[in-house]
Protein chains: 2
Amino acid sequence: MEMTLKRRETMHRLCGKGLEIFHAKGYYNTSLDDILNELSLSKGAFYHHFKSKEDYFINIVQNLIVQKVYALLIEPLNTNENPLPVIIESLKNALDPGKKNEMAYGFMLNDFLTEFNKRNEEISGQLKEIINVWEVNLVSLLKKGKLDGHIARHVDCEGVATYIIASYLGMRSLLMDSSNKQLKYQYIQQLKQYFNSIAAHHVAA
Amino acid sequence: MEMTLKRRETMHRLCGKGLEIFHAKGYYNTSLDDILNELSLSKGAFYHHFKSKEDYFINIVQNLIVQKVYALLIEPLNTNENPLPVIIESLKNALDPGKKNEMAYGFMLNDFLTEFNKRNEEISGQLKEIINVWEVNLVSLLKKGKLDGHIARHVDCEGVATYIIASYLGMRSLLMDSSNKQLKYQYIQQLKQYFNSIAAHHVAA
DNA sequence: CCTTGAACCGACCCACAAGTCGGTTTGTTT
DNA sequence: AAACAAACCGACTTGTGGGTCGGTTCAAGG
C-alpha cells in the first residue's frame, strides 16, 4: 500500500498549492504549469492523478474549501448559547488570516462564486450549496435563539441570515488588497449595531 | 463632420453591446468575436476605433458604468431629506432591472471588481475609485443627517457607509441566477431594521 | 536479477483569442 | 469625376494553455 500513500501525498500537495495559487490569481488566470512548476511536477504527473483541471478544482472544493467553511463558519453555530455573539465571533475568525499565516478563508467564497458564476455550472453549483448549508444552519440557530429569548419575536430569521451572508461576502470586495484592519473593525462594529436591533433586550453598543 | 458622427455611433454601439455581453459572460470569458459577430462588425473595424480590448473596456467603464452608478447610487444622495429612506430607495432602484428591461446595473460592480482584482491593476483601480466616490458621498450625507437630527449622535458614519456598501455588493453573490424577488425583499427589510437602530428616534419597523 | 505496474516526464497537438495588416468600400471635398 | 481619407473587412500571425501519449524511473514481489 506504499503506492497509495505516494499517490495521496502527491494529490494532497497538488490540492494545497492549487488552492493557494487559484485563490491568489484566480482559477482561469492560473495555468496548470504555474502550479506544476512550483511543485516541480510535470503535466504527466498531473493527468495521472486528475482527469482534468475541472476535476482537480472540484477535488479542492470538496477536500479543502468545504472543510474550512464548515470548521470556521458552520460548526461554531452548533451551540446553545446566545446566537448573536457566537455568529460575530465566527465571522471575525473567518475574516482573519489564520494564526500560522494561512490564507484568509473568508475571502475565497465570494471570489470563487463570482468567478464561476455563468462559466461553470458544476462548480458554481457546489459553491452555492456551501452557502446554502451555511444559511440553513444560521437560520436554525437564529430560530433557536428566538425560542430561548435571545432574539426578538418579530424578527425574520431567514432575512437576518440573508443579510449576514450578504454583508460578509460583500466585505471581500472592499478588503481586496491589504487586510485592512480598519474596515474589518468597522464591519464588526456595525454588525453588532445591527444585532442590537434584533436582540430581545437592548444591550449596550 | 459626418465622419466623426459615424465613428461615435459605431463606438457607441460597440460599448453598449460590449457591456451587455461582458456583464452576462464575464470580461475574460468573452472574445471580441463574440461581440463583433453580434454587431456584424470585423476585427478591423474594432481596432480602427480602440487600441486594445483593455482600452475598449476602460471606455465602457468611463462612459457607461460610471454614468449609471452616478445616476442610480450617487446623485440621489444629493438631498436635504432624511438620509435613511433616500438611501434605501436608491439601493432598491439599483437592484431592480430597469423599467425597459435594461440590465440590473447594481449587479455589475461586484462582478467586475472581483474579476479584475489582481488581474488588471488599471481597471480594478478605476472600479475601486467608483466605490470610493460612492462611499464619500454616503458618509457626507450621513453626517449631514446627523446634524439634522435624523441619525443618532453616537453613530460612526464611515462604518455605516462601509456596511451599506458591503451588504449591497454581497447581495450580488446571492442574487446570481434569477432576480429573486424574495431575497431582494429580505435584504431591503433587514436594511430598514438596521437603519432603525441608527436613527435618532425609533420608527416602527 | 527480472517482471510488473504505478508514478512521473516532457515534447507535442490543438483550439481559441488578441492583435496585425494589406486591401476594399464609402462618403466627402473640390 | 478624381482624389483622398475615414471606416471597414477578414485572412493571417502569435502566444497561451488544456490535454495527449509514448517513453522512463522506481519500488515491490517473485
Side-chain angles (χ1 to χ4, degrees), chain A residues 1-61 112 115-116 118-123, chain B residues 1-61 112 115-116 118-123:
Chain A
M1 294 300 110
E2 204 63 14
M3 293 299 179
T4 300
L5 273 183
K6 190 78 190 299
R7 177 181 180 85
R8 291 174 69 85
E9 197 241 323
T10 301
M11 288 175 80
H12 189 260
R13 281 205 307 147
L14 278 166
C15 287
K17 182 60 76 177
L19 178 57
E20 180 187 326
I21 302 188
F22 286 144
H23 179 227
K25 308 201 325 173
Y27 175 84
Y28 290 106
N29 196 35
T30 301
S31 70
L32 293 178
D33 283 331
D34 289 344
I35 297 163
L36 265 8
N37 289 337
E38 287 272 318
L39 296 174
S40 300
L41 283 174
S42 65
K43 279 278 179 66
F46 178 86
Y47 281 94
H48 181 68
H49 295 299
F50 300 99
K51 67 183 234 293
S52 66
K53 189 184 181 189
E54 179 187 20
D55 173 56
Y56 173 44
F57 192 75
I58 288 174
N59 252 271
I60 291 176
V61 171
F112 288 138
E115 185 167 13
F116 289 109
K118 286 173 182 163
R119 294 189 70 172
N120 187 311
E121 201 68 35
E122 171 78 11
I123 293 177
Chain B
M1 297 297 112
E2 203 64 13
M3 292 301 179
T4 302
L5 274 183
K6 189 78 192 299
R7 177 182 180 83
R8 291 173 70 85
E9 198 241 322
T10 301
M11 288 176 81
H12 189 261
R13 281 203 309 147
L14 278 166
C15 287
K17 181 61 75 178
L19 177 56
E20 180 187 326
I21 302 187
F22 285 144
H23 178 226
K25 307 200 325 173
Y27 175 84
Y28 291 106
N29 195 36
T30 300
S31 70
L32 294 178
D33 283 330
D34 289 344
I35 298 163
L36 265 9
N37 288 339
E38 288 271 318
L39 296 174
S40 298
L41 284 173
S42 65
K43 278 278 177 64
F46 178 87
Y47 281 95
H48 180 68
H49 295 300
F50 300 99
K51 66 184 235 293
S52 67
K53 190 183 180 187
E54 179 186 22
D55 173 57
Y56 172 46
F57 192 77
I58 288 174
N59 253 271
I60 291 175
V61 171
F112 287 137
E115 185 167 12
F116 289 110
K118 284 173 184 164
R119 294 187 71 173
N120 187 310
E121 202 67 38
E122 171 79 10
I123 293 177

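Here is the naming used below: chain letters follow the sequence lines, and residue numbers restart at 1 for every chain.
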request  = Consider only side-chain N and O atoms of Asp34(B) and Ser31(B), and report whether a donor and an acceptor are under 3.5 Å apart.
outcome  =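 Indeed, the side chains of Asp34(B) and Ser31(B) share at least one donor-acceptor pair under 3.5 Å.
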query = When you measure from the centre of the six-membered ring of Tyr27(B), is the NZ or CZ of Lys53(B) under 6.0 Å away and within 45° of the axis?
reply =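 Flagged: Lys53(B) positioned over aromatic ring of Tyr27(B).
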Look at [X] and [N] and indicate whether a side-chain polar atom (N or O) is within less than 4.0 Å of OP1 or OP2.
X: His48(A); N: dC21(D); result: no
X: His49(B); N: dC8(D); result: yes
X: Lys43(B); N: dC12(D); result: no
X: Lys53(A); N: dG18(D); result: yes
X: Thr10(B); N: dA7(D); result: no

Glu9(A) with Lys6(A): basic N within carboxylate O range, under 4.0 Å = no
Give the nucleotide from the list [options] with an atom nearest to the side chain of [X].
X: Lys6(A); options: dG19(C), dC8(C), dA7(D); value: dC8(C)
X: Ala45(B); options: dG19(C), dG17(D), dC9(D); value: dC9(D)
X: Tyr47(B); options: dT20(C), dA7(D), dG10(D); value: dT20(C)

request  = Taking all non-hydrogen atoms of both residues into account, name the closest pair between Asn29(B) and Glu115(B) and its distance.
outcome  =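 Heavy atoms of Asn29(B) and Glu115(B) come nearest at N-OE2, 4.5 Å.
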message = On a heavy-atom basis, which atom in Ile35(B) and which in Gly18(B) lie closest, and how many Å separate them?
response =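 It is CD1-CA, 4.0 Å.
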In whole Å, I'd like the distance from the [atom1] atom of [X] to the [atom2] atom of [N].
X: Asp55(A); N: dG18(D); atom1: CG; atom2: C1'; value: 14 Å
X: Glu9(B); N: dC8(D); atom1: CD; atom2: P; value: 9 Å
X: His12(A); N: dA7(C); atom1: NE2; atom2: P; value: 17 Å
X: Leu41(A); N: dT25(D); atom1: CG; atom2: C1'; value: 14 Å
X: Tyr28(B); N: dG17(D); atom1: OH; atom2: C1'; value: 16 Å
X: Phe50(A); N: dA7(C); atom1: CZ; atom2: P; value: 12 Å
X: Glu54(B); N: dA18(C); atom1: CD; atom2: C1'; value: 13 Å
X: Leu32(B); N: dC9(D); atom1: CG; atom2: P; value: 14 Å

